[in-house]
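Convention: sequence-line order gives letters A, B, ...; per-chain numbering from 1. Reckoned from all heavy atoms, side chains included, excluding hydrogens, waters and symmetry mates.
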There are 2 protein chains.
Amino acid sequence: MSVEQGTNQSVERAAAVLGAFLDGKPQRVSDVANSVGLGQSTTSRLLATLESIEYVERDPVSNLYRLGPALITLAGVAVNQNPVHRAARQVAQNLAASLGLGVNVAVRSDDALFYLCNFEGAKAPKSYVLMGRRNPLHATGLGKCLLSALDGEERRALLPEPKPFTSHTFCDHGELDEIVAEVRRRGYATEVEELALGRACVAAPIFDHTGAVVAALSVSGPLSAVDLPNRETELGRRAIEAADEVSIALGYDVSLAHHVVGVGGEGQA
Amino acid sequence: MSVEQGTNQSVERAAAVLGAFLDGKPQRVSDVANSVGLGQSTTSRLLATLESIEYVERDPVSNLYRLGPALITLAGVAVNQNPVHRAARQVAQNLAASLGLGVNVAVRSDDALFYLCNFEGAKAPKSYVLMGRRNPLHATGLGKCLLSALDGEERRALLPEPKPFTSHTFCDHGELDEIVAEVRRRGYATEVEELALGRACVAAPIFDHTGAVVAALSVSGPLSAVDLPNRETELGRRAIEAADEVSIALGYDVSLAHHVVGVGGEGQA
DNA sequence: ATCTCGTTTGCAGTATGTGGGAGACTCTCG
DNA sequence: CGAGAGTCTCCCACATACTGCAAACGAGAT
């Protein structure tokens with residue numbers, strides 16, 4: 001038996017148990033046991049332990065387990081620790097309220113984008129949270145902005161072969177080279193039905209105090225509301241303004257601006 | 001050695017390690033070890049395990065541990081599973097955008113309220129998330145609404161002696177009886193500097209399909225913006241309208257309305 | 001370069017988790 | 001209303017995997 005060096009098996013198994021809930025469905029003990037490949041009694045005890053610390057809870061009526069409130073508490077602390085989140089939260093909300101569209105903030109995590117938060121406007125309602133979800137980098141405006149932090153070689157290594165999600169997805173690295181160059185030049189990225197039909201977004205990168213791209217902010221919604229390419233200039237400007245506001249809060253010096261698009265300063269909307 | 005029945009010690013210890021991060025500060029291995037009362041080597045190994053599954057991560061420069069992204073992912077799933085959250089999210093955002101004030105949604109968890117989400121308007125900015133945090137029931141508008149689900153006896157058992165947070169906090173159960181009665185009668189609760197000076201809110205209960213109070217929604221912000229008692233009627237009505245919208249989404253039949261305050265139907269704002 | 005502090009690793013002992021099986025329970029179907 | 005199937009939990013012996021000590025390692029500072 002290859003003994004994993006210096007890690008605690010029980011903890012790993014408990015985490016695997018929690019992972020069984022990532023599809024969002026309440027689970028039975030035996031379901032979890034099958035899904036993680038453990039015996040029923042072991043799984044039962046792990047779940048009992050996790051229940052005692054409120055990492056999971058069981059529905060009193062159906063007796064099914066689901067993820068518990070302690071995880072929400074921990075995640076609340078985790079997101080509040082994140083400087084990008086702290087800097088972006090209010091800016092994103094103001095923009096969502098002002099435009100009536102969705103506004104999302106994400107960072108890169110390996111070969112995917114990782115949502116920190118999302119807000120919705122009246123024209124782009126949504127009943128769920130994207131926080132903690134991942135999406136492909138090459139098929140989203142946020143992802144394109146995050147890719148602009150990488151050179152072509154790094155990007156090719158990270159995304160060996162980008163997968164298509166719709167017929168509009170750009171999967172060729174030559175195309176992506178151009179897309180990234182355009183993001184750098186114009187300061188924003190667009191995406192029209194590249195991940196899902198009927199959806200579109202405009203995104204802008206967020207810079208930290210060193211001038212590196214550390215996150216991105218997007219304006220998104222149904223294509224009918226985002227209305228590209230008609231509103232591209234307007235929404236591009238709004239996204240850049242909001243992203244810059246966040247960058248500044250992170251200590252970025254706008255005078256070092258990588259993008260010199262026609263945004264004459266922090267002027268009014 | 002009193003062997004805890006049917007629970008896994010390692011998992012409990014790992015959870016205790018995670019709990020050491022609840023104060024929001026990045027931690028050193030030895031800090032965590034002290035704070036949870038474990039040896040350095042055990043703590044080190046637990047942290048290594050938690051790091052391998054991204055429940056914690058370490059700052060590359062300071063080498064300090066902090067909570068990791070996997071917790072955020074799990075919590076995202078957890079909140080999306082919550083029917084109250086699903087029903088309330090968009091309603092709360094619309095209200096926050098419309099009023100420019102903070103809007104919060106909470107459920108009761110034992111003797112405290114538990115925030116599901118919070119949104120801010122331009123007049124009540126905030127850079128952090130309340131999700132997963134707890135606040136006392138007797139010193140908040142949300143809490144008073146949640147207390148209205150209980151009778152006086154239950155409340156006295158739950159809150160043996162309510163603690164004062166400011167000189168305005170109501171801590172006497174006789175007073176709380178009246179407050180709760182008024183919440184039931186008027187359909188909303190107010191709170192002015194009872195938890196923190198300079199803060200105020202107006203809250204309304206959310207009902208499920210059985211007519212039971214399962215959550216509450218509040219409008220909050222600096223006292224200067226919430227401006228009680230001047231705006232009490234207006235904000236009370238807005239809070240009730242929003243809360244009712246959520247209740248209806250949960251299957252509540254408004255014709256069973258407990259509160260018969262002067263809201264002539266779902267009419268416009 | 002040397003010292004100090006914090007962290008990690010090796011190792012032996014054993015406490016602790018494991019899994020099989022039986023009992024208790026609930027829900028379903030007849 | 002009763003029988004059945006399925007599920008979960010408890011019990012116990014076994015041996016695996018965790019613990020704690022102590023020493024080595026690495027980083028940072030003087």
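- The CG-P distance, from A:L38 to C:dG20, rounds to 11 Å in whole Å.
- Of the candidate nucleotides C:dT8, D:dT19, C:dG6, D:dT19 has the atom lying nearest to any side-chain atom of B:R13.
- In this entry the distance linking CD of A:Q9 with P of C:dG17 reads 11 Å, nearest Å.
- One atom, CG of A:L47, and another, P of D:dC8, lie 9 Å apart when rounded to the nearest Å.
- Atoms CG (B:L50) and P (C:dT8) sit 13 Å apart, rounded to a whole Å.
- Distance, A:L64 CG to C:dC27 C1': 13 Å, rounded to whole Å.
- With C:dT8, C:dT16, D:dG20 as the choices, the nucleotide that has an atom nearest any side-chain atom of B:Q40 turns out to be C:dT8.
- Among D:dC8, C:dT9, C:dG19, the nucleotide with an atom closest to any side-chain atom of B:R45 is C:dT9.
- At least one donor-acceptor pair under 3.5 Å links the side chain of A:H173 to the backbone N or O of A:L159.
- Across D:dT19, C:dT7, D:dC10, the shortest atom-to-atom separation from the side chain of B:V29 is found for C:dT7.
- The main-chain N or O of A:Y65 is never found under 3.5 Å from a side-chain atom of A:Q27 such that the two would form a donor-acceptor pair.
- Between A:S10 and A:V61, the residue anchored nearer the 5' end of DNA chain C, judged by the nucleotide with its closest heavy atom, is A:S10.
- With A:S35 contributing its side chain and A:A20 its backbone, the two residues share no donor-acceptor pair below 3.5 Å.
- Between A:I72 atom CD1 and B:H85 atom NE2 the span is 8.5 Å, to the nearest 0.5 Å.
- For C:dG6, neither phosphate oxygen OP1 nor OP2 lies less than 4.0 angstrom from any side-chain nitrogen or oxygen of B:S30.
- A:H138 places a side-chain N or O within donor-acceptor distance of the main-chain N or O of A:K163, the cut-off being under 3.5 Å.
- Note on B:S44: every side-chain N or O is 4.0 Å or more away from OP1 and OP2 of C:dT9.
- When distances run from any side-chain atom of B:S41 to the nucleotides D:dG20, D:dC18, D:dC8, the shortest one goes to D:dG20.
- Relative to the side chain of A:R28, the nucleotides C:dG17, D:dT7, D:dT19 differ in distance, and D:dT7 lies closest.
- B:N34 has its CG atom 15 Å from the P atom of C:dC5, to the nearest Å.
- In this structure, CG of A:N8 is placed 12 Å from P of D:dG20, rounded to the nearest angstrom.
- Counting non-hydrogen atoms under 4.0 angstrom, A:N63 reaches nothing in the nucleic acid.
- Counting to the nearest Å, the C1' atom of D:dC18 and the CD atom of A:E12 are 13 Å from each other.
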